[in-house]
Number of protein chains: 4
Amino acid sequence: MNARSTSRSKPQSMRMRMKEEARAAILDAAEQVLAEQGLQATRMDDIAARVGVSVGTLYNYFEDRQQLLEALRDMRGRELLALLDTELERSLQTPYRARLHGFLRCILEHSRTHFRLLSVLLEDSLRHGDSREGDLDRHLAMWREVSLRLEHLGQQGVKEGALRPEDASHYPAMLLDMMQGLVLRQLLAKQPAPADELLAPLLRCFLEGAAPR
Amino acid sequence: MNARSTSRSKPQSMRMRMKEEARAAILDAAEQVLAEQGLQATRMDDIAARVGVSVGTLYNYFEDRQQLLEALRDMRGRELLALLDTELERSLQTPYRARLHGFLRCILEHSRTHFRLLSVLLEDSLRHGDSREGDLDRHLAMWREVSLRLEHLGQQGVKEGALRPEDASHYPAMLLDMMQGLVLRQLLAKQPAPADELLAPLLRCFLEGAAPR
Amino acid sequence: MNARSTSRSKPQSMRMRMKEEARAAILDAAEQVLAEQGLQATRMDDIAARVGVSVGTLYNYFEDRQQLLEALRDMRGRELLALLDTELERSLQTPYRARLHGFLRCILEHSRTHFRLLSVLLEDSLRHGDSREGDLDRHLAMWREVSLRLEHLGQQGVKEGALRPEDASHYPAMLLDMMQGLVLRQLLAKQPAPADELLAPLLRCFLEGAAPR
Amino acid sequence: MNARSTSRSKPQSMRMRMKEEARAAILDAAEQVLAEQGLQATRMDDIAARVGVSVGTLYNYFEDRQQLLEALRDMRGRELLALLDTELERSLQTPYRARLHGFLRCILEHSRTHFRLLSVLLEDSLRHGDSREGDLDRHLAMWREVSLRLEHLGQQGVKEGALRPEDASHYPAMLLDMMQGLVLRQLLAKQPAPADELLAPLLRCFLEGAAPR
DNA sequence: CATGAATGAGCCTTCATTCAT
DNA sequence: AATGAATGAAGGCTCATTCAT
């Protein structure tokens, strides 16, 4: 009865592929609207209109508004981690400072692309810090992954003699803090500058400090 | 600190004093609720209930919800600046490093006290980055004031030979970024640590860098 | 501050009285709409329009749609019990048959007045028989109260020698069943007949049976 | 009635037979879901899922939700009448009391089997008493058929001298009322009892009355 | 005929704001 | 000034129905 099986290679994976693409399209639209209107102003209708479908369709792909946003967060998180891992692999034979530079540039660029989204989701996580624990957890887990990679990198730096080991545990946090500020200021300034230009003083201060030698 | 008290004649200043106190009470309540529930979950009814008055009364003191929140932001901003100025004055005769330390501790403590508020208001500013320009402006203006004081401090640092002058323009931003991360992580960690313990590695890294000398 | 106490006799009870009247008005309107449109077709907007207020107002008096309907059920239930108790008291010195007749007439009349409501609420109870247990419970509890009174009445009948005691436990149920059918057929027939005319054969059959003696 | 079936050639009647079986399967599924979830909670998707087909398929067999439910009601109605007629034929040579007992047992058992359905459909009929006249009519027509058969039976009873003729016109209604109550209480009690055990006191009271002789 | 994704009108509910007392 | 009931626009979500494949 259901044996309409023509000579198709992957009937199921076709379905699933299409479903995945539709989900991705919705998430892209959601990010756009989110970036433009902010979290609470983003109505399901707006997202639907942006994709060019009707509201009901959104609910064929996501349980509710909340789940849609979580899916968006998760997807972008996974994308960033993939980027970073690619970069780390690419630069395997490179000295610490250059690797760190590449790593941070990845973050900077990804964050710039998705900045409004990130701030909006951070905001959301903070607001519901108490309830919806699992939600915040997944968000923090992602950043912990990034931190982890920075720690590994830091160990290379220590081995190379490029880093003092005493404060090593603080480096990832401080780097990420400064990165976040960088991105934030970029956004507010509305004058995007080349990534390397922004990273140079950051790295210089991080490695050599503000005090004269 | 709240020294709005000019030497005015009784009748008016009495009125105004009471009005100001009522406003302050409302703002305190608003901050509490905001901290507990987040921006969008904070209803006017909740604030009113917290103060112990009825909704209508709030509208005798503030145009609308938006203005109330702005007033709250402005008040806390002014308070922080007052704190910083007091601290700067207190430490006038002190060397750069100690002054910076005191300055940052002020920020850290004030931010810890009002953390939820700050994150909630930041969120709000970002969301309406496009509309409500004047609002974001006032918020940024406040932080520019803080930055300004850090710059002054930096100049002292350069004069004392405690800072390299080349990257001086980046110092305030980097310091504030790291401070913000510090506060953020404090909140998420839910294990408040003594301010000085947190500031020590930050200052060490800032001044001496991560690279061995 | 709240000491506006003018020479009013019952400031609070005034408030409460008005609140109760408003609730009652809403419930009356709800019953009308319910009777006209049925349970699922009854929208909150319709009820509000019927009372002449806006939707929001309904929510100042009832948690949600469900609670409003429950309140309606409870109120009508209490009214019926009050009617019955009044009737029972009035007829204390009367013989069994007459008392039963009066009792049943009360039910018949109350049920005719609120028939659509009753059927609609019964329906609702049946539907959610599994979930919302407490809800159905309250409804059944009310009818159990009616049954209880019928049992008491039956005891009088037995004592008077007007009833065979063997099947006494079945009498309340059978009487109520026949009453319910009576009311139902009245509704469907759309030709309301005088209560006594309907009750006479019912009582005759109940007491004397269908078989010739 | 449905005798559109002329003596046609196989292929078409094959088609129709299959079509009828598919319809029956859908109606069975619908009844299950209806019984479990209630009228308004029963979604077309649920029915489809229960049959193991997709929603669209339902619409190949029934105009819309409403027609599907009506078809279900009609089918169960026809089934009950068939049962009753079989029973009446079987007991042709039996005295009145036994025939009545058999007749009522048929109703009781059929009603128990389909109870949730019946209550749900009754509810539906009552709700739309005003619109959809024809719908309620078909439902009532069915019960009128049952009543008719009870009347015939009653005539036998009168002839046999087992029934007083004066109230004969009320007997069918009263019997059906008590039956309905019986079934309803069975459902709510959730402790199914043997049919005869339930019917005995009912018949006793109906025939001999509650008053001692 | 079967499929199931898409549709979109419709409903419940929330909450900032108003205004008569 | 204080009160708090009333307002009603707005948004999230449901689900019967359609239709292209």
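Between the side chain of A:Arg23 and the backbone N or O of A:Tyr61, at least one donor-acceptor pair lies under 3.5 Å.
Using a 4.0 Å heavy-atom criterion, one finds that B:Tyr61 contacts the sugar-phosphate atoms exclusively.
In this structure, D:Met14 atom CE and E:dC1 atom P are separated by 12 Å, rounded to whole Å. Taking atom CD1 of A:Ile47 as the reference point, atom P of F:dG12 lies 8 Å away to the nearest angstrom. Following rounding to the nearest Å, D:Met16 (CE) and E:dC1 (P) show an atom-to-atom distance of 11 Å. The nearest whole Å value for the distance from the CG atom in C:Asn60 to the P atom in F:dT7 is 9 Å. Rounded to an integer number of Å, the gap from CZ of C:Phe62 to C1' of F:dA6 is 15 Å. One atom, CD of A:Glu21, and another, P of E:dA5, lie 15 Å apart when rounded to the nearest Å. The CG-C1' distance, from B:Asp46 to E:dT14, rounds to 12 Å in whole Å. Atom P of nucleotide F:dA5 and atom CD1 of C:Ile26 are separated by 12 Å, given to the nearest angstrom.
At a threshold of 4.5 Å between non-hydrogen side-chain atoms, the residues C:Ile47 and C:Val55 do not count as touching. At least one side-chain heavy atom of A:Leu72 sits under 4.5 Å from a side-chain heavy atom of A:Arg76. By the 4.5 Å heavy-atom criterion applied to side chains, D:Val51 and D:Asp28 are not counted as neighbours. In this structure, the side chains of D:Glu70 and D:Phe62 stay at 4.5 Å or more apart for every pair of heavy atoms.
The minimum heavy-atom distance between B:Ser54 and B:Ala48, with the atom names listed, is C-CB, 3.7 Å.
In summary, of the residues considered (C:Lys19, C:Arg17, C:Met18), a side-chain contact (heavy atoms from CB on, under 4.5 Å) with C:Glu21 occurs for C:Arg17 alone.
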Checking side-chain contact (heavy atoms from CB on, under 4.5 Å) for the pair C:Leu69/C:Leu34: CA distance, chi angles, key distance, verdict?
-> CA-CA 10 Å; C:Leu69 296 181; C:Leu34 229 30; 3.7 Å; yes
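Positionally, the nearest nucleotide of DNA chain E for D:Lys19 lies more toward the 5' end than for the other of A:Leu58 and D:Lys19. Mapping B:Thr57 and C:Val53 onto DNA chain F via the closest heavy atom, the residue that lands nearer the 5' end is B:Thr57.
Sorted by first then second residue, the salt bridge (Lys or Arg N to Asp or Glu O under 4.0 Å) pairs that include residues 50-65 of chain A, not counting sequence neighbours, are A:Glu36-A:Arg50.
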Given protein heavy atoms under 4.0 Å, the one-letter contact record of nucleotides 16-21 of chain E, with B base, S sugar-phosphate only and - none, is simply SBB---
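For DNA chain F, if you chain together Watson-Crick or G-U pairs that step i with j, i+1 with j-1 and so on, the runs of at least three with distances under 3.5 Å are E:2-21 with F:2-21.
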